[in-house]
Amino acid sequence: MKNYFLFTLLLIVPSFVWAQTPMTYINAAGDKHLAGEFELEVLKSDTSYRGWYEENERLFKLSGKNTDWKKTFQNSEVEIYLGTWCGDSKRWVPQFVKMWTALGLQENQLKFIALYDGEELYKQGPNGEEKGKLIHRVPTFIFKNEGKEYSRIVEYPVNDLETDVAQIALGYASKPNYRAATYLLELFESEPLDSIYKNVQTHFYNIYYLVGKEKELNTLGYLFKNSDRLPEALLTFEINSALFPYSPNVLHSYGEALMDDKQNDRAIQLFTRVIELEPDNEIAAKQLRELQEEATGGD
């Protein structure tokens with residue numbers, strides 16, 4: 001009986017230890033990062049993350065204003081999607097946790113999910129944790145009640161952290177950042193591409209009034225491109241190039257996506273325009289030469 005107990009313990013303990021060990025990976029820069037769901041204690045104790053966690057945690061202090069609104073969150077949970085490689089995640093996640101606990105709310109109401117950097121799995125989790133969540137910027141804080149989302153903060157507060165969270169509690173949340181990207185994400189979730197193209201002019205004008213800087217949709221385009229969603233990437237880059245027709249970076253990104261789709265003639269037009277706008281762009285010049293040589297059979 002004693003031997004049987006020891007044998008059973010040997011089976012249980014390793015699986016328990018394994019379950020508590022967070023998944024990590026080494027990125028292209030040679031740095032260790034987290035991937036997938038993990039416990040907050042990892043950020044507080046692991047030397048790879050502890051320095052920036054403590055430094056940014058110190059930045060937050062409650063304003064001293066009335067916080068009776070905090071009672072609204074007692075039955076809520078917050079899913080926090082972040083990248084341990086991301087500057088905004090490093091800044092805002094520690095501050096959010098400090099604010100949450102300073103309000104007397106519980107750490108176990110917070111769920112932490114780390115996403116990859118790099119091109120192949122850009123802003124994706126090892127088990128697809130981000131799928132269906134419309135995650136395009138990190139950190140993203142998703143407020144949920146009984147499993148249903150009722151608000152979110154995307155990348156950084158619209159006002160300041162305490163104000164944004166108070167507004168969520170009171171039912172008057174500010175519109176999250178990157179509304180144009182969110183519009184496209186929701187559109188791709190709700191309609192097939194052929195239907196979107198039929199009404200693309202209407203969608204373009206809707207996006208025109210929502211978009212901020214050129215990086216908003218450019219980043220989204222790369223997210224699609226690196227998630228094997230090239231058709232969505234192409235439409236995103238196309239819309240962005242119409243919004244910012246004099247941006248070499250935007251046109252270059254669209255040209256590279258067209259190359260991936262073997263639309264070389266159109267890519268040649270885009271790279272030609274990039275070089276007209278930015279004559280010193282050696283990458284675009286090299287890509288243009290290669291495409292032109294391929295088109296002429298190397299003559």
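Values below: every heavy atom of this structure, side chains too, minus hydrogens, waters and symmetry copies.
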Colleague: Roughly how far, to the nearest 0.5 Å, is CD of Glu232 from CD1 of Ile196?
Modeller: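 Going from CD1 on Ile196 over to CD on Glu232, the span is 8.0 Å.
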Colleague: Counting only heavy atoms not in Ile283 (residues, nucleotides, ligands), do more than 12 fall under 6.0 Å from its CD1?
Modeller: no
Colleague: Please step through side chain to side chain contact (heavy atoms under 4.5 Å, CB included) for the pair Val211 and Tyr183, ending with a clear verdict.
Modeller: CA-CA 10 Å; Val211 75; Tyr183 179 95; over 6 Å; no
Colleague: Dump the intermediate steps for side chain to side chain contact (heavy atoms under 4.5 Å, CB included) on Tyr53 and Arg50, then the final yes or no.
Modeller: CA-CA 5 Å; Tyr53 187 92; Arg50 187 175 63 200; 5.5 Å; no
Colleague: Given side chain to side chain contact (heavy atoms under 4.5 Å, CB included), test Trp92 with Val138 step by step and report yes or no.
Modeller: CA-CA 10 Å; Trp92 293 110; Val138 287; over 6 Å; no
Colleague: Provide the closest heavy-atom pair for Asn281 versus Ala284 in the form atom of the first, atom of the second, distance.
Modeller: OD1-N, 2.9 Å
Colleague: For the atom pair CD (Glu129) and OH (Tyr81), what is the distance rounded to the nearest 0.5 Å?
Modeller: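 That separation rounds to 7.5 Å.
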Colleague: Kindly check if the number of other-residue, nucleotide or ligand heavy atoms within 6.0 Å of CG (Asn108) is above 12?
Modeller: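 Yes, because the 6.0 Å sphere around CG of Asn108 holds more than 12 heavy atoms from other groups.
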Colleague: If you round to the nearest 0.5 Å, how far is OG1 of Thr67 from CG of Leu103?
Modeller: 5.5 Å
Colleague: Measuring only between side-chain heavy atoms, which start at C-beta, is His252 closer than 4.5 Å to Leu270?
Modeller: no
Colleague: At what distance, to the nearest 0.5 angstrom, does CD of Gln124 lie from NZ of Lys131?
Modeller: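 Spacing of CD (Gln124) from NZ (Lys131) equals 4.5 Å.
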Colleague: Just wondering, do Lys123 and Ile135 contact through their side chains at under 4.5 Å, heavy atoms?
Modeller: no
Colleague: Verify the neighbour count for atom CG of Asn66: are there more than 12 heavy atoms of other residues, nucleotides or ligands below 6.0 Å?
Modeller: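 Yes, because the 6.0 Å sphere around CG of Asn66 holds more than 12 heavy atoms from other groups.
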Colleague: Taking Glu216 for the side chain and Ala180 for the main chain, is one N or O donor matched with an acceptor at less than 3.5 Å?
Modeller: yes
Colleague: Please test Lys44 against Glu41 for salt bridge (charged side-chain N to carboxylate O under 4.0 Å, His left out), starting from the C-alpha separation and ending with a verdict.
Modeller: CA-CA 5 Å; Lys44 294 182 175 182; Glu41 186 59 32; 5.2 Å; no
Colleague: Within the side chain of Lys144, is there an N or O that forms a donor-acceptor pair under 3.5 Å with the backbone of Glu77?
Modeller: no
Colleague: Which heavy-atom pair separates Lys225 from Ala257 by the least distance, and what is that distance?
Modeller: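 Looking at all heavy atoms of both residues, the shortest contact is CE-CA, 4.1 Å.
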Colleague: I want to check something: taking the side chain as every heavy atom from C-beta on, are Val97 and Leu43 in contact at a cut-off of under 4.5 Å?
Modeller: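 Heavy-atom side-chain distance check fails, nothing below 4.5 Å.
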Colleague: Do the charged groups of Glu293 and Arg289 touch, with an N to O distance under 4.0 Å?
Modeller: no
Colleague: I need the minimum non-hydrogen distance between Arg152 and Pro176, along with the two atoms involved.
Modeller: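 In this case the closest contact between Arg152 and Pro176 is O-CG, 3.8 Å.
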Colleague: Is Asn177 reaching over with its side chain to a backbone N or O of Tyr156, donor-acceptor style, under 3.5 angstrom?
Modeller: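 Here the side-chain-to-backbone pair exists.
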Colleague: Going by the side-chain contact (heavy atoms from CB on, under 4.5 Å) test, name the single residue among Val78, Asn145, Ile168 that passes it with Phe73.
Modeller: Ile168
Colleague: Short question: side chain of Glu214, backbone of Val250 - any donor-acceptor pair under 3.5 Å?
Modeller: no
Colleague: How far does CD of Glu155 sit from CZ of Arg91, to the nearest 0.5 angstrom?
Modeller: 11.0 Å
Colleague: Which heavy atom in Ile275 sits nearest to a heavy atom in Ala285, and how many Å separate them?
Modeller: CD1-CA, 3.5 Å
Colleague: Might you work through the side chain to side chain contact (heavy atoms under 4.5 Å, CB included) test for Ile239 and Leu235, ending with a clear yes or no?
Modeller: CA-CA 6 Å; Ile239 290 172; Leu235 180 53; 4.0 Å; yes
Colleague: Whether the side chain of Trp85 engages the backbone of Leu115 through a donor-acceptor N/O pair (distance < 3.5 Å, no angle test) should be reported.
Modeller: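 Checking the backbone N and O of Leu115 against the side chain of Trp85, a donor-acceptor pair under 3.5 Å is found.
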Colleague: Measure the CG-CD distance between Asp280 and Glu282 for me, rounded to the nearest 0.5 Å.
Modeller: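 Rounded to the nearest 0.5 Å, the CG-CD separation comes to 7.5 Å.
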Colleague: Apply salt bridge (charged side-chain N to carboxylate O under 4.0 Å, His left out) to the pair Lys286 and Glu290, showing each step before the final yes or no.
Modeller: CA-CA 6 Å; Lys286 181 175 182 292; Glu290 290 173 352; 2.6 Å; yes
Colleague: Going by atom types only, do Asn199 and Glu191 share a side-chain donor-acceptor pair under 3.5 Å?
Modeller: no
Colleague: Any chance the side chains of Arg266 and Gln269 put a donor and an acceptor closer than 3.5 Å?
Modeller: yes
Colleague: Do you know which two heavy atoms are closest between Leu193 and Pro231, and how far apart they sit?
Modeller: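 Here Leu193 and Pro231 meet closest at CD1-CB, 3.3 Å.
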Colleague: Are Tyr205 and Leu217 linked, directly or through intermediate hydrophobic residues, by side-chain heavy-atom contacts shorter than 4.5 Å (ILVMFWY only)?
Modeller: yes
Colleague: Ignoring hydrogens and angles, tell me if any N or O in the side chain of Lys90 forms a donor-acceptor pair with the backbone of Trp52 under 3.5 Å.
Modeller: no
Colleague: Check whether any side-chain heavy atom of Lys175 sits under 4.5 Å from a side-chain heavy atom of Val158, and report yes or no.
Modeller: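 No, their side chains stay 4.5 Å or more apart.
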Colleague: Would you say the side chain of Val93 lies within less than 4.5 Å of the side chain of Phe141, judging by non-hydrogen atoms?
Modeller: yes
Colleague: Under the criterion side-chain hydrogen bond (donor to acceptor under 3.5 Å, both in side chains), which of Asp46, Asn27, Thr24 is the partner of Lys32?
Modeller: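 Among Asp46, Asn27, Thr24, the one meeting side-chain hydrogen bond (donor to acceptor under 3.5 Å, both in side chains) with Lys32 is Asp46.
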Colleague: Establish whether Trp100 and Leu170 are linked, either directly or via other cluster members, by ILVMFWY side-chain heavy-atom contacts under 4.5 Å.
Modeller: yes
Colleague: Is there a path of hydrophobic side-chain contacts, each under 4.5 Å between heavy atoms of I, L, V, M, F, W or Y residues, that connects Leu187 with Leu230?
Modeller: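 Leu187 and Leu230: separate clusters.
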Colleague: Decide, yes or no, whether a salt bridge links Glu79 with Lys133 under the criterion of side-chain N to carboxylate O below 4.0 Å.
Modeller: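 Counted as a salt bridge, because a side-chain N and a carboxylate O are separated by less than 4.0 Å.
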Colleague: For Pro94 and Ser89, work out which heavy atoms get closest and say how close.
Modeller: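 So the two residues come closest at CD-O, 3.6 Å.
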Colleague: Do Pro126 and Tyr116 have side-chain heavy atoms sitting under 4.5 Å apart?
Modeller: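 Answer yes - side chains close enough.
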Colleague: Less than 3.5 Å apart, any donor N or O on the side chain of Tyr25 or Asp117 sitting next to an acceptor on the other?
Modeller: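 Tyr25 vs Asp117: donor-acceptor pair found between side chains.
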Colleague: Answer yes or no: is there a donor N or O on one side and an acceptor on the other, between the side chain of Thr236 and the main chain of Gly221, under 3.5 Å?
Modeller: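 Not a single qualifying donor-acceptor pair exists.
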Colleague: Under a plain distance cut-off of 3.5 Å, with no hydrogens placed, do Tyr178 and Thr219 share a side-chain donor-acceptor pair?
Modeller: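 No donor-acceptor contact under 3.5 Å links the two side chains.
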Colleague: Determine whether a donor-acceptor pair (N or O, by modelled atom type, separation under 3.5 Å) exists between the side chain of Glu130 and the backbone of Gly125.
Modeller: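 Judged by distance alone, yes, a pair lies under 3.5 Å.
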Colleague: Just checking, any donor-acceptor pair under 3.5 angstrom between side chains of Gln263 and Asp261?
Modeller: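 Result is yes, a qualifying pair exists.
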Colleague: Less than 4.5 Å apart, any side-chain heavy atom of Leu121 and any of Asn226?
Modeller: no
Colleague: When you compare the side chain of Ser227 with that of Leu223, does any pair of heavy atoms fall below 4.5 Å?
Modeller: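 Counting from C-beta outward, Leu223 and Ser227 do come under 4.5 Å.
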Colleague: Measure up the Tyr222 and Phe237 rings against each other and bin them: parallel (under 30°), tilted (30 to 60°), perpendicular (over 60°).
Modeller: perpendicular
Colleague: I'd like to know if the side chain of Thr84 reaches the main chain of Leu34, judged simply by a donor and an acceptor atom lying under 3.5 Å from each other, with no hydrogens or angles considered.
Modeller: yes
Colleague: Answer yes or no: does atom OH of Tyr150 have more than 12 heavy-atom neighbours from other residues, nucleotides or ligands under 6.0 Å?
Modeller: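 Correct, the count exceeds 12.
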Colleague: Out of curiosity, does Ile80 fall in the hydrophobic cluster containing Ile153 (side-chain heavy atoms, cut-off under 4.5 Å, transitive links)?
Modeller: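 Per the 4.5 Å side-chain linkage, Ile153 and Ile80 are co-clustered.
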Colleague: Side-chain heavy atoms under 4.5 angstrom apart, residues restricted to Ile, Leu, Val, Met, Phe, Trp, Tyr: same cluster for Leu110 and Phe143?
Modeller: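 Both belong to a single hydrophobic cluster.
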